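Input: a single structure, listed below in structure tokens.
Every value quoted in this text rests on a predicted model; they were computed, and no experiment measured them. Counting convention: from 1, in listed order, for ligands and their atoms alike.
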Amino acid sequence: MTQATQTVGFIGLGQMGRPMVENLGRAGFPVLAFDLDARALAEAATLPKVSAAESAAELAKRAATVVLMLPDSRIVDRLLWDDGFAARLARGTLLIDMGSSNPMNTRENARRLASLGVALVDAPVSGGVKRAVSASLAIMIGGEAEPVARAMPVLSALGKTLIHVGGSGSGHAIKALNNYVSAAGLAAVCEALDAAQRFGIDPSVANRVFDASTGKNNTTENKVEAFMLSGRFDSGFALALMRKDLQTALSLMDGVDASKGLAERCVQLWEGADQALGKGADHTAFYRYAREGGQPAG
Ligand code: NAD
């Protein structure tokens, strides 16, 4: 059986998972998908080469490679250990956690799964829904060389820049740190745009200047016009998920005794925005929070 004819199990068909299963199908992988949300599952099952599993337990029995694209480590851990998913996986199964999980949980999960004969690779992604759709995600990989090599055909169908960062958990560690850098940059742009406008400068003109100057970043390039000044606030990445990533980054920094003055402030700001904007807010709505004089929580 060639790699592309082996069934890939895929759990988590949200903003990112949905286009990712579509791309796996396009690359020739039969996909057995599952999500607790029946509508998301039924919709994914209409895609070429994608079929719906009745349960995570059924998927565990039928797939030799399983991808998880779930919100956070709490949900991953509950699935693996409380719901009995890990115990149902056959020895030799490759499990790839592509969500932005906590690296400490990932290391512990890799150790526990290894004792069941299951290899865990952490392979979180960056690039948002847009690059999930175009199969051009950046993928940062943690794990031993052999399972990482086995994961490559699946990962290559989803991303363009694949970087093997190091041992188990290092993909998740660098993902959290990347999102800290991204969130700090986004917050700086929002505050600067607000100040520019209060000074009498059109924020669209201000962003054109940043984007042509040394203030350029992913927010000035891809988010300000499309999602903030347009008033759409619908990039597809929830503010609550960014807050979770920042908290992960800060606990990692704490754990290794790194300097973190800006990170602490950044976490406070994003916690304040999450509380003020409420459930369901997109992370680009941080701009609204900044314009309303956002204050750190607590
Ligand atoms: P999402 O909330 O849109 O999707 C998560 C999906 O998981 C939902 O469909 C939900 O029903 C399903 N789910 C939750 N618990 C489940 C369970 N126990 N069993 C089966 N299905 C379950 O989230 P998303 O935006 O797709 O993000 C997924 C992961 O990717 C997160 O860790 C996020 O931080 C990360 N990420 C997101 C983006 C983005 O732009 N959205 C970018 C990079 C990384």
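- Ligand 1 does not have Ala56 within reach: every non-hydrogen atom of the residue lies 4.0 Å or more from it.
- When only non-hydrogen protein atoms are considered, atom 41 (N) of ligand 1 lies nearest to Gly236 O, 2.9 Å.
- Summary of contacts: the protein heavy atom closest to atom 23 (O) of ligand 1 is Leu241 CD1, 3.9 Å.
- With a 6.0 Å radius and a threshold of 12 heavy atoms from other residues, nucleotides or ligands, Glu144 has its CD atom at or below the threshold.
- Residue Asp83 does not touch ligand 1, judged by heavy-atom distances below 4.0 Å.
- Ligand 1 has Leu36 within reach: a non-hydrogen atom of the residue lies less than 4.0 Å from it.
- Side-chain contact of Asp211 with Asn207: a donor-acceptor pair under 3.5 Å is absent, judged by distance alone.
- Using a 4.0 Å cut-off between charged side-chain N and carboxylate O, Arg111 and Glu108 make a salt bridge.
- Residue Lys175 places no N or O, backbone or side chain, under 3.5 Å from any N or O of ligand 1.
- Here the shortest heavy-atom distance to atom 15 (N) of ligand 1, taken over Asp245, Ile75, Asn179, belongs to Ile75.
- If you check the side chains of Asn109 and Arg112, you find no donor sitting under 3.5 Å from an acceptor.
- By the criterion of a heavy-atom distance under 4.0 Å, both the backbone and the side chain of Ser100 are placed next to ligand 1.
- Nearest non-hydrogen protein atom to atom 37 (C) of ligand 1 is Met16 CG, 3.6 Å.
- Taking only nitrogen or oxygen atoms, main chain and side chain alike, Gln15 reaches within less than 3.5 Å of ligand 1.
- Remark: Glu43 does not engage Arg39 in a salt bridge, criterion side-chain N to carboxylate O under 4.0 Å.
- For a threshold of 3.5 Å applied to N or O pairs, the pair formed by Leu70 and ligand 1 contains at least one separation below that value.
- The residue from Gly12, Pro71, Ala53 that puts a heavy atom closest to atom 5 (C) of ligand 1 is Pro71.
- The closest approach between any non-hydrogen atom of Lys244 and ligand 1 is below 4.0 Å.
- At the shortest separation from atom 30 (O) of ligand 1 among protein heavy atoms lies Met69 CE, 3.1 Å.
- Of all protein heavy atoms, the one closest to atom 10 (C) of ligand 1 is Asp35 OD1, 3.5 Å.
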